[in-house]
Protein chains: 2
Amino acid sequence: MLKEERHQVILNEVRIHNKVLLADIAEILKVSPDTVRRDIKELHDDNKLKRVHGGAISLGFNHYSYVNREIYSLEKKSQIAEKAVSLLKDGQVVLLSGGTTNLEISRLIPPHLKITCFTPSLPIAVQLLPKPNIDIIFIGGKINKDSQITIGGSPIGVLSELKADICFLGVNSIHPTDGVTEFDWEIVQVKKAMIKASKKVVVPSISEKINSGQRYKICDIDAVDYLITELDANNPVLKPYGKKIDLI
Amino acid sequence: MLKEERHQVILNEVRIHNKVLLADIAEILKVSPDTVRRDIKELHDDNKLKRVHGGAISLGFNHYSYVNREIYSLEKKSQIAEKAVSLLKDGQVVLLSGGTTNLEISRLIPPHLKITCFTPSLPIAVQLLPKPNIDIIFIGGKINKDSQITIGGSPIGVLSELKADICFLGVNSIHPTDGVTEFDWEIVQVKKAMIKASKKVVVPSISEKINSGQRYKICDIDAVDYLITELDANNPVLKPYGKKIDLI
DNA sequence: ACAAATATTGCATAAACTTGCAATATTTGC
DNA sequence: GCAAATATTGCAAGTTTATGCAATATTTGT
């Protein structure tokens with residue numbers, strides 16, 4: 001029995017059951033638990049699965065855990081989110097794209113605010129659920145598991161019939177001349193539709209994303225009305241945007 | 001059962017119900033309350049949920065620092081869900097209404113099954129998210145906060161363009177002559193549309209709901225193809241249904 | 001305020017993990 | 001092709017972790 005074979009067996013079990021028990025694998029493969037332990041250790045180091053006491057578990061098992069990624073920039077995101085929330089007023093119709101910054105925004109929306117939120121993001125809808133004064137309209141469609149938002153023709157169709165007061169557009173990258181860009185084509189299509197569906201477009205973005213670029217373009221800088229970062233509005237990094245966008 | 005699995009289950013329950021009772025988790029997972037207590041303590045320390053007397057609550061729910069006593073017959077629902085899941089086959093298009101029994105069904109869908117699930121239920125979508133082989137189509141619309149499903153014209157419109165293989169219809173009440181009934185008119189409209197949109201209609205229902213009635217009618221008994229309860233198929237309680245419905 | 005439910009603490013036991021080591025395989029350099 | 005170097009595997013001893021139980025304390029609902 002080659003090591004590679006064992007690895008395949010283990011990964012396969014994980015793929016099917018989302019987990020494996022070390023003892024089970026040892027039994028199936030007729031090798032010592034130590035060997036399996038070492039195999040799992042290797043696969044763990046290769047990021048193929050997650051090693052836990054007693055066995056291993058699929059990496060993707062908790063997709064929702066993307067909330068935990070980038071925990072380091074949570075502080076910045078909270079600062080941004082606080083600024084963003086201050087733009088909201090009673091009675092508005094708000095469009096929220098996906099992303100962790102927008103999730104933070106929806107977390108910070110004060111419970112007394114009476115607004116209507118449209119969103120294609122599952123985590124954001126869940127986040128808004130406990131707030132009694134917020135009407136939530138979920139923009140349906142096929143759910144993209146990575147981003148946990150709906151994509152494709154269906155959400156775009158819904159958006160084409162909507163005119164929201166304000167849109168919080170979570171972005172991957174923003175650049176003074178290249179505009180707003182994203183790496184996933186399907187998501188770009190949805191975000192384009194969101195911009196069309198809103199009177200005002202707000203981009204909340206941590207400063208790391210400023211001046212970077214991705215493969216696909218969502219819109220020019222001109223299409224963005226407000227740029228919110230954790231930085232002070234007259235920070236030199238933001239200089240190139242100042243003429244075209246209101247900085248917050 | 002790996003500790004990690006238990007953690008995932010607990011977090012999932014918290015996401016869906018916004019709270020968990022320690023005793024329920026112990027029951028579901030077949031472990032001692034002490035273990036669950038330790039699990040919750042760990043998750044609390046990791047800032048994944050908030051530990052409170054009697055269980056845990058979602059972080060987003062901090063204002064309500066209590067846990068409601070809510071008796072839900074989980075054991076029965078699991079039995080029903082297991083029977084329900086056995087009806088599923090690779091390649092099917094499945095329609096899932098809301099409700100805790102359907103939630104339990106979606107929890108038990110084996111991860112290797114390749115199916116497409118349409119649902120207007122937020123908790124069910126979240127529950128299905130980690131399963132890699134399931135395509136999830138969320139039926140969008142305005143979210144009803146009580147039931148956590150979308151209601152109104154929008155979901156009904158989507159359903160009118162769909163023909164699913166099988167529909168799991170969560171119900172409030174079922175009666176041999178009065179048919180399937182519900183207390184919320186808006187939800188009735190959605191469920192009517194779901195029945196039209198499916199080749200086969202399955203009603204998973206705990207036996208308490210059998211022979212009861214509510215204000216609004218969803219459909220006659222004839223429209224239901226299968227009735228799944230926690231009881232044995234030839235239990236006398238089910239006798240009146242036997243002629244018209246397959247009992248499981 | 002009291003009874004019932006839940007939490008804490010310490011402890012016991014079993015299972016799982018770590019580490020070092022020795023016996024075999026396998027690969028490498030010449 | 002062969003010896004040396006390297007990897008792999010199983011084992012054993014000691015350590016850590018996981019889990020349930022029981023006695024006691026705290027919290028909660030009425």
Side-chain angles (χ1 to χ4, degrees), chain A residues 1-14 16-59 61-62 65 68 130, chain B residues 1-59 61-76 78 100:
Chain A
M1 167 75 58
L2 298 173
K3 182 163 71 166
E4 189 60 24
E5 285 183 79
R6 292 197 311 270
H7 285 195
Q8 290 307 325
V9 170
I10 293 169
L11 286 175
N12 210 35
E13 287 297 307
V14 168
I16 293 171
H17 298 116
N18 274 325
K19 62 152 184 177
V20 291
L21 301 183
L22 191 144
D24 286 348
I25 295 293
E27 169 64 22
I28 294 172
L29 299 177
K30 308 291 180 200
V31 292
S32 78
D34 300 76
T35 301
V36 179
R37 196 168 287 118
R38 280 182 274 240
D39 285 336
I40 288 176
K41 211 174 279 182
E42 269 191 61
L43 291 166
H44 173 98
D45 291 342
D46 290 351
N47 240 301
K48 301 284 179 57
L49 45 67
K50 183 176 177 190
R51 179 174 182 238
V52 296
H53 192 99
I57 198 158
S58 152
L59 283 179
F61 191 65
N62 183 9
S65 63
N68 305 327
Chain B
M1 166 79 56
L2 299 169
K3 183 167 68 167
E4 187 73 15
E5 282 183 272
R6 292 197 312 268
H7 285 193
Q8 300 297 354
V9 169
I10 294 169
L11 285 176
N12 247 330
E13 291 297 312
V14 168
R15 272 172 214 136
I16 290 160
H17 302 294
N18 280 315
K19 67 184 176 219
V20 290
L21 302 184
L22 190 144
D24 283 343
I25 296 293
E27 168 64 20
I28 295 173
L29 299 177
K30 309 288 180 202
V31 293
S32 77
D34 299 76
T35 300
V36 179
R37 199 167 285 119
R38 279 182 275 240
D39 285 336
I40 288 177
K41 211 174 281 181
E42 270 190 60
L43 291 167
H44 174 99
D45 291 342
D46 289 351
N47 239 300
K48 302 281 181 58
L49 45 67
K50 184 173 180 191
R51 179 172 180 241
V52 296
H53 192 94
I57 56 174
S58 147
L59 286 178
F61 254 61
N62 281 347
H63 355 294
Y64 312 89
S65 58
Y66 65 91
V67 181
N68 283 337
R69 308 264 165 277
E70 184 186 281
I71 20 100
Y72 36 123
S73 20
L74 268 167
E75 183 55 33
K76 289 179 186 174
S78 293
T100 49

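Within every chain, numbering begins at 1; the chains are lettered A, B, ... in the order of the sequence lines, protein sequences first and strands thereafter. Bear in mind that the values here come from a model prediction, so they are computed numbers and not experimental data.
Between B/K41 and C/dT8 there is a side-chain N or O to OP1 or OP2 distance below 4.0 Å. Within the structure, every side-chain polar atom (N or O) of B/R37 is placed at least 4.0 Å from both OP1 and OP2 of C/dT9. An OP1 or OP2 oxygen of C/dC17 is reached within less than 4.0 angstrom by no side-chain nitrogen or oxygen of A/R38. OP1 or OP2 of D/dT9 has at least one side-chain nitrogen or oxygen of A/R6 nearer than 4.0 Å.
Separating the CD atom in B/E13 from the CG atom in B/L49 is a distance of 12.0 Å, to the nearest 0.5 Å. Atom OG in A/S58 sits 10.5 Å away from atom NZ in A/K50 (nearest 0.5 Å). Expressed to the nearest 0.5 Å, how far CZ of B/R51 lies from CZ of B/R37 amounts to 7.5 Å.
Candidate nucleotides D/dT19, C/dA7, C/dA16 were compared by shortest atom distance to the side chain of A/H53, and C/dA16 ranks first.
Residue contacts shown for A/V36 are absent, as no nucleic acid heavy atom lies under 4.0 Å away.
Rounded to whole Å, atom P of D/dT17 lies 12 Å from atom CZ of A/R51. Spacing between atom CD1 of A/I25 and atom C1' of C/dC17 amounts to 18 Å, rounded to whole angstrom units. As rounded to whole Å, 9 Å separates atom P of D/dT9 from atom CD of A/E42. Between the CE atom of B/M1 and the P atom of C/dA15 there is a distance of 18 Å, rounded to whole Å. D/dT17 atom P lies 16 Å from atom CD of B/E4, rounded to whole Å. Going from atom CG of B/D39 over to atom C1' of C/dA7 covers 15 Å, rounded to whole Å. Summarising the geometry, the separation between CG on A/L22 and P on C/dA14 is reported as 20 Å, rounded to the nearest angstrom. Atom-to-atom, CG of B/L21 to P of C/dA5 comes out at 13 Å; the value is rounded to the nearest Å.
Inter-residue side-chain proximity for B/T35 and B/R6 is flagged as met; some heavy-atom pair is nearer than 4.5 Å. Looking at heavy atoms from C-beta onward, B/D39 lies in side-chain contact with B/K3 at the 4.5 angstrom threshold.
Interface remark: the A/D34 side chain does not form any donor-acceptor pair with the C/dC17 base, using a distance-only criterion of under 3.5 Å.
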